[in-house]
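Keep in mind that what you see is a predicted model, and the values were worked out from it rather than measured. Numbered from 1 within each chain, the chains take letters A, B, ... in sequence-line order.
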2 protein chains.
Amino acid sequence: MTSAPYASRERSTKERILGAAEALFATHGFAGASLRQVTAAARVNLAAVNYHFGSKDKLIEEVFRRRLDELNTRRLAALAKVAGQEDTSLEDVLDAYIRPALDLSRNDGGGAAFVRVLARAYAEHNETLRKFLSENYGHVLRQFAGEFARLLPGLAKEEIYWRLDIVTGALTYAMADFGVIQRKNDVDERDHRETAAEHLIRFAAAGLRNPSVSTSTATR
Amino acid sequence: MTSAPYASRERSTKERILGAAEALFATHGFAGASLRQVTAAARVNLAAVNYHFGSKDKLIEEVFRRRLDELNTRRLAALAKVAGQEDTSLEDVLDAYIRPALDLSRNDGGGAAFVRVLARAYAEHNETLRKFLSENYGHVLRQFAGEFARLLPGLAKEEIYWRLDIVTGALTYAMADFGVIQRKNDVDERDHRETAAEHLIRFAAAGLRNPSVSTSTATR
DNA sequence: CGTATTCTCAAACGATCGTTTGATTCTTAC
DNA sequence: GTAAGAATCAAACGATCGTTTGAGAATACG
């Protein structure tokens with residue numbers, strides 16, 4: 001049909017591998033999911049992974065690149081709509097940061113799994129992965145930090161990075177549905193994530209607005 | 001010397017295994033750290049793990065039980081000092097929740113590693129582990145939720161669990177030092193965690209105090 | 001058409017995994 | 001001192017891991 005060889009399968013071999021890898025990495029982790037599980041789920045030959053991607057590590061990187069590029073683009077696009085304007089609120093910027101991740105998690109079948117994979121990446125101490133994420137994620141974080149600095153002139157730049165770090169951690173945690181609290185069975189997964197995002201935005205906004213204090217113990 | 005057989009080593013075989021496992025699980029994850037790595041780091045024989053613990057899964061459970069019991073006890077003790085009193089502030093209760101984890105992370109050599117292991121447990125989807133953690137962690141969370149409910153009469157019980165879930169996620173994230181922001185090299189690890197705890201307490205308090213809103217989109 | 005290239009496939013590679021075995025060494029108790 | 005028990009050890013078990021191989025099937029291109 002198109003130019004793809006061995007074509008006219010429902011999806012190409014590379015895409016099927018990426019989809020299966022994403023789902024299995026989310027469930028069992030990078031070390032816990034084997035290439036035999038991945039290729040079996042994708043209904044492709046075992047050797048296809050090393051043929052199309054070179055190695056398991058390269059496959060992991062490709063799983064990230066596919067979604068992360070889109071997530072970063074959406075976040076920056078949402079930020080561009082509100083950045084620098086007078087009537088922009090803190091909630092608007094936080095929404096630009098959180099909403100794309102929420103949308104990603106419910107658009108197609110694989111997005112929800114990727115959010116969990118993203119949380120894995122933070123938990124894994126893999127230096128290669130950390131470096132890869134920092135390169136693709138760092139400039140987005142920097143742009144958001146710049147806008148937050150504009151809206152929060154009372155906070156030092158370093159303080160903003162601190163708080164943004166907490167927000168990102170809480171976001172990753174909430175989005176990945178790693179809470180101890182298990183949602184009721186009659187509540188849909190979408191509603192669950194939507195509610196989580198609403199709470200998180202209000203929570204984060206209140207935390208970011210909190211005025212900075214001098215270096216002392218937090219209590220008493 | 002004492003009653004321990006093969007004794008008068010610096011520490012017993014079981015404790016050496018637990019310590020080495022804790023450190024390696026924190027660095028490489030449960031699936032990523034092998035028993036050969038663990039036993040080599042502990043300078044014990046490979047078969048010692050299955051002899052003393054029965055299996056790798058049982059070893060993982062024991063790594064958690066050792067620290068989690070102490071963490072839960074400290075948290076409940078700290079909560080008991082401020083619970084039910086008139087002049088208790090939200091920051092006090094949050095401090096009772098966060099401070100023990102901070103102390104644990106810097107007391108001895110293994111505590112800091114365990115906090116990272118704890119974060120791993122949230123990331124791992126292992127059902128056995130989740131169940132184990134829920135059993136040892138659930139009643140503590142419930143007691144804190146009760147005290148928060150007293151201090152925040154305007155919030156529904158379910159709303160409090162939501163926000164506490166976010167706090168726990170952010171705490172785990174911050175404590176495990178999983179941020180993208182890397183601290184300056186001249187800042188000590190202890191100061192780093194202390195600063196993180198201060199930020200987190202102020203952040204969480206502001207987020208918890210935020211009045212509840214009706215079910216609508218968070219922004220606009 | 002025929003040749004070249006791309007892709008798939010079954011099979012096997014060596015390495016490593018968790019676990020088990022059986023002999024050996026140390027400790028305890030009478 | 002000696003038997004019973006607990007702990008350690010080297011070695012091997014079968015299973016699974018990521019990766020490689022070489023032949024064969026499907027496609028592309030002249």
Below the 4.0 Å mark, does [N] have OP1 or OP2 next to a side-chain nitrogen or oxygen of [X]?
X       : N      : answer
B/Ser34 : C/dT16 : no
B/His52 : D/dA6  : no
B/Thr13 : D/dT8  : yes
A/Asn45 : C/dA10 : yes

Separation of [N] [atom2] from [X] [atom1] (nearest whole Å):
X       : N      : atom1 : atom2 : result
B/Ile17 : C/dT19 : CD1   : C1'   : 14 Å
B/Tyr51 : C/dT25 : OH    : P     : 17 Å
A/Lys58 : D/dT20 : NZ    : P     : 11 Å
B/Leu35 : C/dT20 : CG    : P     : 11 Å
A/Asp57 : D/dT19 : CG    : C1'   : 12 Å
A/Phe53 : C/dT6  : CZ    : C1'   : 16 Å
B/Leu46 : D/dC9  : CG    : C1'   : 10 Å
B/Asn50 : C/dT20 : CG    : P     : 6 Å

Quick check on DNA chain C: between A/Ala48 and A/Arg36, whose nearest nucleotide comes earlier from the 5' end? A/Ala48
B/Trp162 and A/His199 aromatic ring geometry - parallel, tilted or perpendicular at 30°/60° bounds: parallel
Quick note, A/Gln37 side chain, CB onward, closest among C/dT19, D/dC17, D/dG18 is D/dC17
Where the side chain of B/Lys56 is concerned, which of D/dT21, C/dT19, C/dT21 is the nearest nucleotide? C/dT19
Salt-bridge contact [X]-[Y] (side-chain N to carboxylate O under 4.0 Å):
X       : Y       : value
B/Glu61 : B/Lys58 : no
B/Glu70 : B/Arg74 : yes
B/Arg67 : B/Glu22 : yes

Can you confirm whether or not the ring centre of A/Phe114 sits under 6.0 Å from the ring centre of A/Phe25? no
